[in-house]
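Given the structure is predicted, the values throughout are model-derived calculations rather than measurements.
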Amino acid sequence: MTPNHFSMVFRRHSGVTFTAFLTEQRLNFARKQLSDLSLSVSEVSYRCGFQDPNYFSRRFKQVTGL
């Protein structure tokens, strides 16, 4: 299965793109991680699969408003 075909099938069955789904899952995981006050925002961003903590912060704020 090619990446394009996978994306098409995923969207057809779930109603969202794979990228949107993955971002939502990562940010849900981040919410849980951020409750651990011993972790920095950078550490949480790396654990959630974001390579740039600034991008993580912008996306987190866009989605959660926090």
Side-chain angles (χ1 to χ4, degrees):
M1 182 179 286
T2 66
N4 288 339
H5 183 68
F6 169 77
S7 294
M8 183 179 67
V9 171
F10 188 90
R11 184 171 186 166
R12 189 179 308 144
H13 289 294
S14 69
V16 296
T17 64
F18 179 70
T19 303
F21 172 79
L22 183 59
T23 300
E24 182 180 338
Q25 294 302 308
R26 286 177 172 171
L27 293 177
N28 286 336
F29 181 68
R31 284 185 191 124
K32 294 174 188 167
Q33 294 292 304
L34 288 169
S35 66
D36 182 354
L37 300 178
S38 68
L39 298 174
S40 69
V41 173
S42 294
E43 287 176 291
V44 171
S45 70
Y46 294 131
R47 287 182 177 195
C48 296
F50 291 89
Q51 295 184 9
D52 181 0
N54 292 322
Y55 177 70
F56 164 75
S57 294
R58 283 193 311 272
R59 291 295 293 154
F60 191 84
K61 187 171 183 174
Q62 276 180 334
V63 173
T64 66
L66 302 172

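When the side chain to side chain donor-acceptor pair (under 3.5 Å) test is applied to Arg11, no partner is found at least two apart in sequence or on another chain. For His13, the side chain to side chain contact (heavy atoms under 4.5 Å, CB included) partners are Val9, not counting sequence neighbours.
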Solution key, residues 53-63 side-chain donor-acceptor pairs under 3.5 Å, sequence neighbours excluded:
from: Ser57; atom 1: OG; to: Pro53; atom 2: O; distance (Å): 3.1
from: Arg59; atom 1: NH1; to: Gln62; atom 2: OE1; distance (Å): 2.6

Donor-acceptor list for residues 17-30 side chains, cut-off 3.5 Å, not counting sequence neighbours:
from: Thr17; atom 1: OG1; to: Ala20; atom 2: N; distance (Å): 3.1
from: Thr23; atom 1: OG1; to: Thr19; atom 2: O; distance (Å): 2.9
from: Arg26; atom 1: NE; to: Cys48; atom 2: O; distance (Å): 3.2
from: Asn28; atom 1: OD1; to: Arg31; atom 2: NH1; distance (Å): 2.6
from: Asn28; atom 1: ND2; to: Glu24; atom 2: O; distance (Å): 3.3

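Sequence neighbours left out, the pairs with a member in residues 36-45 that pass side-chain hydrogen bond (donor to acceptor under 3.5 Å, both in side chains) are Asp36-Ser38, Ser40-Glu43.
Note on Tyr46: it does not cluster hydrophobically with Val41, by side-chain heavy-atom contacts below 4.5 Å among ILVMFWY residues.
With rounding to the nearest 0.5 angstrom, the OG1 atom of Thr2 is 8.0 Å from the CE atom of Met8.
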